[in-house]
Amino acid sequence: MKIGVPTEIKKDEYRVALTPAGTRELVDAGHEVYVQKGAGEGSAIIDDAYVAQGATILPDADAVFGEAQMIVKVKEPQPVEVARLEPRHTLFTYLHLAADAELTQGLAKSGATCIAYETVEDSKGRLPLLAPMSEVAGKIATQAGAFMLEKPLGGRGILLGGVPGVAAANVMVIGGGVVGMNAAFIALGMEASVSVYDRNIDRLRELDIAFGGRADTLFASTLSIEEMLPEVDLVIGAVLVHGAKAPHVITREQLSLMKRQAVLVDVSIDQGGCFETSRPTTHTDPTYEVDGITHYCVANMPGAVPITSTYALTNATMPYVVHLANVGVHKAVAQNAGLKLGVNVAAGEVTYAPVADAVGMQSVDVDKALSAVPA
Ligand SMILES: NC(=O)c1ccc[n+]([C@@H]2O[C@H](COP(=O)([O-])OP(=O)(O)OC[C@H]3O[C@@H](n4cnc5c(N)ncnc54)[C@H](O)[C@@H]3O)[C@@H](O)[C@H]2O)c1
C-alpha cells in the first residue's frame, strides 16, 4: 500500500503522524511511504531520517494526497485537506466529529473512509489511541492551570502547593479517566489539595486505590459539584462519553459560585467542551474570561510538546497503521472489532451513531457502508 504523511497545518500543531521507526516497519512489510517535505521538523525529525528508512519525500501536500491510498495524520483535516480527499483514500487520524457538523458533512461528501483514532477501542472497551494524548493533556492541564493562576496572567495569584504556614490551592478534576488521573497526579505532585469527580463508581474505586488516600474521590452529581465550586481555585474538565459531544458539567450560572479569577481548564474542548462557557482556543492565545473566570480551552494541548507527543502517539497508532496497510481496510476492520468502531465515515455515510446523533445526521451500518468501498 502507498501511505502518505502530510505536514500538520492546524495552528500551533507540531506533531507528525509517522516516525522513522514507523516508516521502517511499513517499508520492511513491503509498503511505500510518502512524507511531505518538512513534516517531521516540528518534532525534531529531519527528512533524511525518513529517507534513511526508505521513505520518499514529496514537495507538498497535493503530491502526498495524490500519491497515497492511506493518509495518516494527527489532527482533524482542515478544509483545504478535506478538499483533497477522494473515495479511494483511507484517512486515519483524530477527527472529533461530534463537535463539528461541517467537517462531518465535508468528509461524507469526499467519499473517503475516515477512521477516527479517538473511537477505536481495545478488547476491554478502552481507547488505546486517545490514551497517550490524554496522558499528555492531563499533565499539561495542571501545569497550564498553575501558570494561569499567577496574578500577572490574570489568575487569582495563588501557588498550587502553598508553603509552610499557608494553605495549598484547591484543584477540582471533573472526569477521572486518563486525562483526569494524570492531571490529578501532577496536582498532587505539586502538593495541591485535590478532589476528583466521576460518575463511574468502579472508576472512583480504582482512583481511590491509585491515589492511596492523597486525593478525595467524589460522585459527580450536580449538587456535589455545586457545593465544591465556591472552594476551588482550579477546575480541570476531563469528562468523555465515547464519541459523543461532551456533557456540560458547569453551567454559566454556576460560574457565579466561584472565586473571581479562578481558572477553568477544559480538556474536553475537542468534544465540544464540558463547561457551558467554553470555546476552543489556541496555544498562541489560550485563555479568555467569562464572568471573572479564566477559561483555558486549547483543543490540541499535546501539540505543544511534540517531542513527547509524536512518539507517544505513534507508539500506539503504528500497529494499526501496519495492519491497515498489510490487509487493507475491509479485512482490517473484519479482523479487529475495536478498529471497526473507529470508522466514523465511509462511502458518503456517517457510520458512528453518537457522531450522527450529535450532528443531526442519519447513521448507516458500517458494514453496509464499507460494502460500497472498492477493496
Ligand atoms: N484538549 C486536548 O488537547 C485533549 C487531548 C487529549 C484528550 N482530550 C479529551 O479529554 C477528554 C477526556 O479524555 P480521557 O481519555 O480522559 O477519557 P476517559 O474515557 O478515559 O475518561 C473520561 C471520564 O469521564 C467520566 N465521565 C463521563 N461523563 C461524566 C460526567 N457527566 N461527570 C463526571 N464524569 C463523567 C467517565 O466516567 C470517565 O471516567 C476527551 O474529550 C478527550 O478527547 C483533549
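Each residue takes its place number in the sequence, starting with 1. First listed ligand is number 1; within each ligand, the first listed atom is number 1.
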Side-chain H-bond candidate by donor/acceptor type, [X] with [Y], under 3.5 Å:
X      : Y      : answer
His242 : Glu118 : no
His295 : Glu289 : no
Thr317 : Thr314 : no
Glu135 : Asn182 : no
Gln261 : Arg156 : no
Ser195 : Asp216 : no
Thr113 : His89  : no

Single hit among Leu18, Asn326, Val72 for side chain to side chain contact (heavy atoms under 4.5 Å, CB included) with Leu26: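 Of Leu18, Asn326, Val72, side chain to side chain contact (heavy atoms under 4.5 Å, CB included) with Leu26 is met by Leu18 alone.
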
For ligand 1, which atoms sit closer than 4.0 Å to a heavy atom of [X]?
X      : result
Pro302 : 3 (O), 5 (C)
Asn200 : 37 (O)
Asn300 : 3 (O)
Ala220 : 32 (N), 33 (C)
Ala137 : 4 (C), 5 (C), 6 (C)
His96  : 43 (O)

Measure the distance from [atom] to every protein heavy atom, then report the residue, atom name and distance (to 0.1 Å) of the closest one.
atom                    : value
atom 20 (O) of ligand 1 : Val178 N, 3.0 Å
atom 19 (O) of ligand 1 : Leu240 CD2, 3.7 Å
atom 30 (C) of ligand 1 : Arg199 CD, 3.5 Å
atom 8 (N) of ligand 1  : Asp270 OD2, 3.3 Å

Is it the side chain (CB and beyond), the backbone, both or neither of [X] that lies under 4.0 Å from ligand 1, heavy atoms counted?
X      : answer
Arg126 : neither
Asp198 : both
Val179 : both
Ala238 : backbone
Met301 : both
Ala299 : backbone

Any atom of ligand 1 sitting under 4.0 Å from a heavy atom of [X]?
X      : result
Met181 : no
Val298 : yes
Glu118 : no
Ala246 : no

For the pair Glu81 (side chain) and Gln78 (backbone), establish whether a donor and an acceptor sit closer than 3.5 Å, ignoring hydrogens and angles.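 Checking the backbone N and O of Gln78 against the side chain of Glu81, a donor-acceptor pair under 3.5 Å is found.
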
Keeping the roles fixed (side chain from Lys73, backbone from Glu8), state whether a donor-acceptor pair exists under 3.5 Å.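 Judged by distance alone, no pair lies under 3.5 Å.
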
Parallel, tilted or perpendicular: which fits the ring planes of Phe211 and Phe185, with parallel below 30° and perpendicular above 60°?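 Aromatic pair Phe211/Phe185 classed perpendicular.
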
Does the pair Lys11/Glu13 count as a salt bridge with the N-to-O cut at 4.0 Å?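 No.
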
Side chain proximity check, Val373 to Pro87, heavy atoms < 4.5 angstrom: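 Counting from C-beta outward, Val373 and Pro87 never come under 4.5 Å.
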
Nitrogen or oxygen atoms of [X] and ligand 1 under 3.5 Å apart:
X      : answer
Val267 : yes
Gln271 : no
Val249 : no
Tyr197 : no

Given [options], which one has a non-hydrogen atom that is nearest to [atom]?
atom                    : options                        : value
atom 35 (C) of ligand 1 : Val239, Leu130, Val241         : Val239
atom 15 (O) of ligand 1 : Ser268, Ser134, Pro247         : Ser134
atom 21 (O) of ligand 1 : Gly243, Ala183, Gly177, Ser309 : Gly177

Return a table of donor-acceptor pairs under 3.5 angstrom between the side chains of residues 349-358 and protein atoms on other chains or two or more places apart.
{"unit_1": "Thr351", "atom_1": "OG1", "unit_2": "Val343", "atom_2": "O", "d": "2.8"}
{"unit_1": "Thr351", "atom_1": "OG1", "unit_2": "Asn344", "atom_2": "O", "d": "3.1"}
{"unit_1": "Thr351", "atom_1": "OG1", "unit_2": "Val345", "atom_2": "N", "d": "3.4"}

Before we go on, tell me: are the rings of Tyr197 and Phe219 under 6.0 Å apart, centre to centre?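 Here the rings of Phe219 and Tyr197 have centres that are no less than 6.0 Å from each other.
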
Counting only heavy atoms not in Glu150 (residues, nucleotides, ligands), do more than 12 fall under 6.0 Å from its CD?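 Yes, because the 6.0 Å sphere around CD of Glu150 holds more than 12 heavy atoms from other groups.
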
